[in-house]
Amino acid sequence: MSGTDTRDSVMRGVGIGRATTVGPVLRMPEPVADPVDTPSELEPAAEFERATTSLAATAAQLRERGEKAGGTAAEVLDALAMMAEDPALAADVQHRTEDGATAEFAVHAAMATFRDMLVGMGGYLGERAGDLDDVARRAIAHLQGLPAPGVPDSPEPFVLVARDLAPADTATLDLDLVLALVTTDGGPTSHTAILAREKGITAVVGAAEASALRDGDIVLVDAENGTVELDPAQERIDLALQRTQTLEAIRAQSSGPGRLADGHAVPLLANIGSVDSAREAAARGAEGVGLFRTEVLFLGAEKAPSVDDQAATYREVFSHFADQKVVVRVLDAGADKPLAFLTDSGEENPALGRRGLRALAAHEHVLRDQLTALAQATADSEAFVQVMAPMVSTAAEAQYFCDLAHELGIEVAGVMVEVPSCAILADHVAPRVDFMSIGTNDLTQYVFAADRLLGTVANLQNPWHPAVLRLIEQVGAAGREHDVPVGICGEAAADPLLAVVLVGLGATSLSMSSSAIADVRAELALHTLDDARRLAALAVSAESAEAARQAVLDAAPTHP
Ligand code: PEP
Ligand code: MG
């Protein structure tokens, strides 16, 4: 770093995984704001000319990206380019510029009308309506002389620095070129963090000071310590690479089912959200699926999917897990995962709104259809399918869901414990369900009243905190008392040492991004059940997340 550079040389955030990577920064442009309707100062013809030029440039940009990406991405991007060139859209833009609108506003408003029309058509076209927003933002950025939104193009590998990644950004991310991800916003359960875990990409999220990084800066991204170092010294780089090699060697030696050192079985399951991730999880040696996030399949859909369409997708997922458990979560719509057909977009505080099971109960036909599709797909498969409901707050809700699932032909039904009330009432919930599965991401968010997507409060989103661990302990105790299995399916299960603590607190299985399974398996094999319980007792009695982790690290000398 030069003598005049006043930026911090070490920036702190929350690390995902344990690896370390070094490389040059490439920043993702800031999102483009929606234009406001101010009167144009130009002649209508000149505004129309600006609009058509930007739409043509956007189509060309999209096609160029598509050609580089190839495969299905090329088809998707070509379809977007065609939307930008649509003559009906151009006619609408012209009409609006003639009425005095700026090119920016005319493009924005015409696209919105086009979008509503596609939604009205339903089916595949309806599902693609959201893509128009992406085309509009690109055209508006072009008009304003701003860089195109989304992941930037680069022929060379880079460390991507962004505010946070949206699900749409991740679709066009060329993983061969991304050395690491650094975000200024977004906590350890943000989309970026989930993607990083799923794909095994080194990441540090919620590093607010990283907003000072510039294209071309060389950074060392150290996930284990949650730091981003600007212009690292060569010895730091050598040390980090050595540690990464050691971790890789441990990972390569780990195989088979999850067990503690005394042979106590802890099934290691995968969190999945698509047919592709199901295939990947099976290839990575997952012993089944502990969380199938079905809402991910329908994020762009404007209408509820049909029973037949759902059953076909579920069959494909189940086909990868013959004789293994697959825990399917019914649609968890709302907050960070809105679904147009379930979510009330007018809520002021959607994380506390009618989301998860609350939304499904209010649209019971959607829930019934999904359970029916799951029962049909289960009947045709050799997987042991179980279902669970998200965002359950009371014992009565748990009873409602499990009764309905049983009525519709699914034998094993349980609930996620991710609202503190459900954990506090676990002794009343347990007798009403076949299993419980703790979602540590939302549980932590609600225990601390700290938005899991917000970088400024990411320091509170830490499942090592005894406030979270004590609730998990209560759920574990209720599970043991009522002989009900207690899984963990939040991101906490992917932290190897924390996974040991969770088993000590009573977790009977762990579900995580499949890329984390090898590390967790290797760590579990170093500790007996007695060790795990001893470490758990140290963690729950600590005062803070940092103290809990340190106490466990100090008492677990075999930790590599
Ligand atoms: C959780 O909240 O911990 C969880 C697993 O669900 P999601 O991350 O999909 O909200
Ligand atoms: Mg959740």
Side-chain angles (χ1 to χ4, degrees), residues 14 16 164-165 167 170 186-198 205 269-274 277 281 289-299 326-339 342-343 350-360 386-393 397 401 414-423 435-454 458 460-465 468-469 471-472 475 486-495 498-499 502 505 507 509-514 516:
V14 180
I16 306 298
D164 197 6
L165 294 181
T170 60
T189 58
S190 59
H191 290 295
T192 309
I194 290 171
L195 172 87
R197 278 199 199 88
E198 210 168 278
V205 298
L269 310 168
N271 290 354
I272 62 167
S274 63
S277 58
V289 171
L291 168 63
F292 174 14
R293 292 181 163 104
T294 55
E295 65 284 350
V296 176
L297 299 169
F298 308 113
L299 278 178
V326 178
V327 182
V328 183
R329 171 171 75 189
V330 293
L331 299 169
D332 183 17
D336 54 328
K337 291 167 293 201
L339 293 181
L342 281 175
T343 308
L352 302 182
R354 199 156 77 175
R355 56 171 302 198
L357 182 63
R358 302 168 189 178
L360 287 169
Q386 312 185 349
V387 293
M388 64 181 180
M391 296 298 298
V392 171
S393 316
E397 285 179 358
F401 174 74
V415 294
M416 290 188 75
V417 179
E418 43 186 359
V419 179
S421 59
C422 193
F435 67 93
M436 297 186 283
S437 180
I438 305 178
T440 51
N441 308 335
D442 277 313
L443 186 60
T444 310
Q445 146 163 281
Y446 293 125
V447 164
F448 285 104
D451 186 338
R452 64 191 261 190
L453 301 180
L454 200 60
L460 289 168
Q461 186 70 34
N462 190 337
W464 272 98
H465 203 290
V468 179
L469 299 181
L471 286 180
I472 296 175
V475 181
V486 175
I488 307 276
C489 64
E491 300 300 315
D495 174 335
L498 183 52
L502 296 170
L505 292 174
S509 65
L510 300 170
S511 189
M512 64 203 79
S513 304
S514 55

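Side chains included, hydrogens not; waters and symmetry mates left out as well; all remaining heavy atoms used. Order of appearance sets the numbers: ligands from 1, and atoms from 1 within every ligand.
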Of the protein's non-hydrogen atoms, which lies at the shortest distance from atom 7 (P) of ligand 1, and what is that distance? Lys337 NZ, 3.4 Å
So which protein heavy atom does atom 5 (C) of ligand 1 come closest to, and at what separation?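 For this ligand atom, the closest protein heavy atom is Cys489 O, 3.3 Å.
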Check [X] against ligand 1 and report side chain, backbone, both or neither, counting heavy atoms closer than 4.0 Å.
X	answer
Arg452	side chain
Arg329	side chain
Asn271	neither

What do you reckon, does Arg293 have a nitrogen or oxygen under 3.5 Å from a nitrogen or oxygen of ligand 1? yes
Could you grab the distance from atom [atom1] of [X] to atom [atom2] of [Y], nearest 0.5 Å is fine?
X	Y	atom1	atom2	result
Met391	Cys422	CE	SG	10.0 Å
Phe298	Leu342	CZ	CG	11.0 Å
Asp451	Leu460	CG	CG	11.5 Å
Leu269	Ser511	CG	OG	5.0 Å

Could you tell me which atoms of ligand 1, counted from 1 in the order shown, lie closer than 4.0 angstrom to a heavy atom of [X]?
X	answer
Gly490	3 (O), 5 (C)
Glu418	1 (C), 2 (O), 4 (C), 6 (O)
Met416	4 (C), 5 (C), 6 (O)
Gly439	1 (C), 2 (O), 3 (O)
Leu291	5 (C)

From Asp442, does some N, O or S atom reach closer than 2.8 Å to the Mg ion (ligand 2)?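 So Asp442 does bind the Mg ion (ligand 2) by this criterion.
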Shortest-distance N/O/S atom, Glu418 versus the Mg ion (ligand 2): OE1
Quick one: closest heavy-atom pair of Ala335 and Ala351, and the distance?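 Minimum heavy-atom contact is CB-CA, 3.8 Å.
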If you compare all heavy atoms of Cys489 against all heavy atoms of Met416, which two are closest, and at what distance to 0.1 Å?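 Distance-wise, the nearest heavy atoms are SG-CE, 3.5 Å.
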Side-chain (Ser421) to main-chain (Ser393) donor-acceptor, under 3.5 angstrom: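 Here the side-chain-to-backbone pair exists.
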Can Lys337 and Asp332 be counted as an ion pair, charged N to O under 4.0 angstrom? yes
For side chain to side chain contact (heavy atoms under 4.5 Å, CB included), just list the numbers for Ile472 and Ile488, CA-CA rounded to whole Å, side-chain angles, deciding distance to a tenth of an Å, and then say yes or no. CA-CA 9 Å; Ile472 296 175; Ile488 307 276; 4.2 Å; yes
